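Report on the following structure.
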Amino acid sequence: MTWHRQQWSLAAALLTMVAWGMNFAFVKYVLEHIGVWPFMFIRFVTLPVLAFALLFVVFRGRIARTWPRREDLARFVACGLIGHTAHIAMVMYGMNLSTAFSSSLVLTSGPLFTLLILAALGAERLRRRQLAGTLVAFCGIVVFLGDKFTRGLAAAGFGDLLLLGAAFLFSLYTVLSRPLADRYGPLIVLAYTLLFGSPPLVALSLSSFLASPEGALTAPVTFALFFTIVISSFFGWLAWSWVNSVRGLARCAPFQYLMPPIAGLVAWLTLGEVFTPLKLAGAAVTMAGVAWAQYAAQPDSA
């Protein structure tokens, strides 16, 4: 059986959510062992190298043609500063002050920000069933992490506020980069947004990286770095840009609600997190909401 682009994009979206859900545990592990700034230095030195290495392979002899057109240059710069510089810095600091599980919950506000931005700009027509499915998925997340969320609400810290801001910035980046991905393709968008977004964080984090203790990069830390930088960030961002281009932003937004259940499963396997029947019910509601939003493609009845 031959798969169509919609089927491939669905598979890519699910795999990306699995990688991003697992990534919370890996990032938290790295942050605990080497700190925020050394991690960001390694990330933002490695990612542009990977992106441009692949760019040179794909566009052999035509690399000059990949440079953004003048009318798109400002949008590339804005996407780099918003999606990489500001968004990732806020995520790393927020996760450093919070837990992997709590981080996954707060960042699920992203799809609602995406839908609000789309509605404000009139960029995509939002169907009632898509919005309803997104809200159902959000309710499922609240149920899934209800006890932890309730405890954290009264003691919400600066880390949670940073993660909330990061969720908004990622949604803004997703909306701003969608036209670029349609015109240039995900690889070119990733490479040049990293080119514009990486230098500020590399400059700020260099001294911390040089001051990090010898032997900090143990084998487990190195593997965690490989997963979070290469698998989750590099291939994940490429895949997500392509999926948004194929399926549309409104249909893709609810996928992000799959991350907390996956993060919870990883926490259970690695940290001994206990799941109650209420949490399992919340996971089921989340997946039902995602499915509802994804397949609400027919126009609403009058």
Side-chain angles (χ1 to χ4, degrees), residues 15-57 80-81 83-104 106-107 158-159 162-163 166 169-170 187 190-191 193-240 259 262-273:
L15 288 173
T16 302
M17 291 305 106
V18 170
W20 284 359
M22 295 174 60
N23 193 52
F24 287 99
F26 283 99
V27 169
K28 191 64 181 177
Y29 181 82
V30 171
L31 292 176
E32 289 174 352
H33 285 78
I34 67 174
V36 173
W37 285 110
F39 178 35
M40 286 207 286
F41 178 83
I42 296 171
R43 176 192 173 98
F44 285 105
V45 167
T46 304
L47 282 177
V49 171
L50 289 175
F52 277 95
L54 185 56
L55 199 68
F56 274 95
V57 170
L81 295 176
H84 297 293
T85 310
H87 164 249
I88 296 301
M90 292 175 74
V91 168
M92 292 301 105
Y93 262 102
M95 288 190 66
N96 192 52
L97 297 173
S98 185
T99 66
F101 215 30
S102 295
S103 301
S104 67
V106 177
L107 290 175
F158 187 55
L162 285 175
L163 290 166
L169 290 178
F170 184 72
L187 178 57
L190 179 61
T193 54
L194 282 168
L195 178 67
F196 298 129
S198 296
L201 291 177
V202 170
L204 288 171
S205 59
L206 175 60
S207 60
S208 296
F209 174 76
L210 294 176
S212 57
E214 294 184 13
L217 295 179
T218 62
V221 171
T222 301
F223 176 78
L225 282 168
F226 173 81
F227 183 90
T228 188
I229 293 174
V230 178
I231 303 299
S232 178
S233 297
F234 183 63
F235 289 110
W237 281 57
L238 280 177
W240 189 242
M259 286 191 290
I262 295 168
L265 178 61
V266 175
W268 173 64
L269 292 173
T270 60
L271 304 175
E273 177 71 23

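Throughout, numbering of the chain's residues begins at 1 and tracks the sequence. For clarity, every value in this text was computed on a predicted model and none was experimentally measured.
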Nearest atoms (heavy-atom pairs only) where S198 meets F44: OG-CD2, 3.3 Å
Just wondering, do L194 and F52 contact through their side chains at under 4.5 Å, heavy atoms? no
Considering only heavy atoms from C-beta outward, does the side chain of L238 approach that of L54 to under 4.5 Å? yes
If you look at every heavy atom in L163 and V91, which pair is closest and at what distance? CD2-O, 3.9 Å
Looking only at heavy atoms, the pair that brings A51 and L187 closest together is O-CD1, 3.9 Å
Taking all heavy atoms of G236 and all of T16, pick out the closest pair and write down the distance. O-CG2, 3.8 Å
Please verify the inter-ring angle class for W237 with H87; under 30° counts as parallel, over 60° as perpendicular, anything in between as tilted. tilted
Once rounded to the nearest 0.5 Å, what's the spacing between atom OG1 of T85 and atom CG of L169? 10.5 Å
Any side-chain to backbone donor/acceptor pair from W37 onto L206? Under 3.5 Å, distance only. no
Which value, rounded to the nearest 0.5 Å, describes the distance between F41 atom CZ and T46 atom OG1? 8.5 Å
Considering all heavy atoms of both residues, which atom of S205 and which atom of M40 are nearest to each other, and what is their separation? OG-C, 4.2 Å
Within the 4.5 Å heavy-atom criterion, are H84 and L190 side-chain neighbours or not? yes
Does the side chain of V36 reach to within under 4.5 Å of the side chain of M95, using non-hydrogen atoms? no
Can you tell which of L47, N23, V45 makes a side-chain contact (heavy atoms from CB on, under 4.5 Å) with I229? L47
CZ-CD1 distance between F209 and I34, expressed to the nearest 0.5 angstrom: 8.0 Å
Is there a side-chain contact between I231 and F26 in this structure, where contact means two heavy atoms from C-beta onward sitting under 4.5 Å apart? no
Point-to-point distance, once rounded to the nearest 0.5 Å, from CE of M90 to CZ of F170: 14.0 Å
The criterion is side-chain contact (heavy atoms from CB on, under 4.5 Å); which residues satisfy it with H33, sequence neighbours excluded? Y29, V221
Please examine the side chains of R43 and F234, heavy atoms only from C-beta on, and report whether any two atoms are closer than 4.5 Å. no
So which heavy atom on V18 is nearest to which on I262, and how close? CA-CD1, 3.6 Å
Give, for atom OG of S232 and atom CZ of F226, the distance between the pair rounded to the nearest 0.5 Å. 11.5 Å
Rounding to 0.5 Å, atoms CD1 (I88) and CZ (F39) come to a distance of 8.5 Å
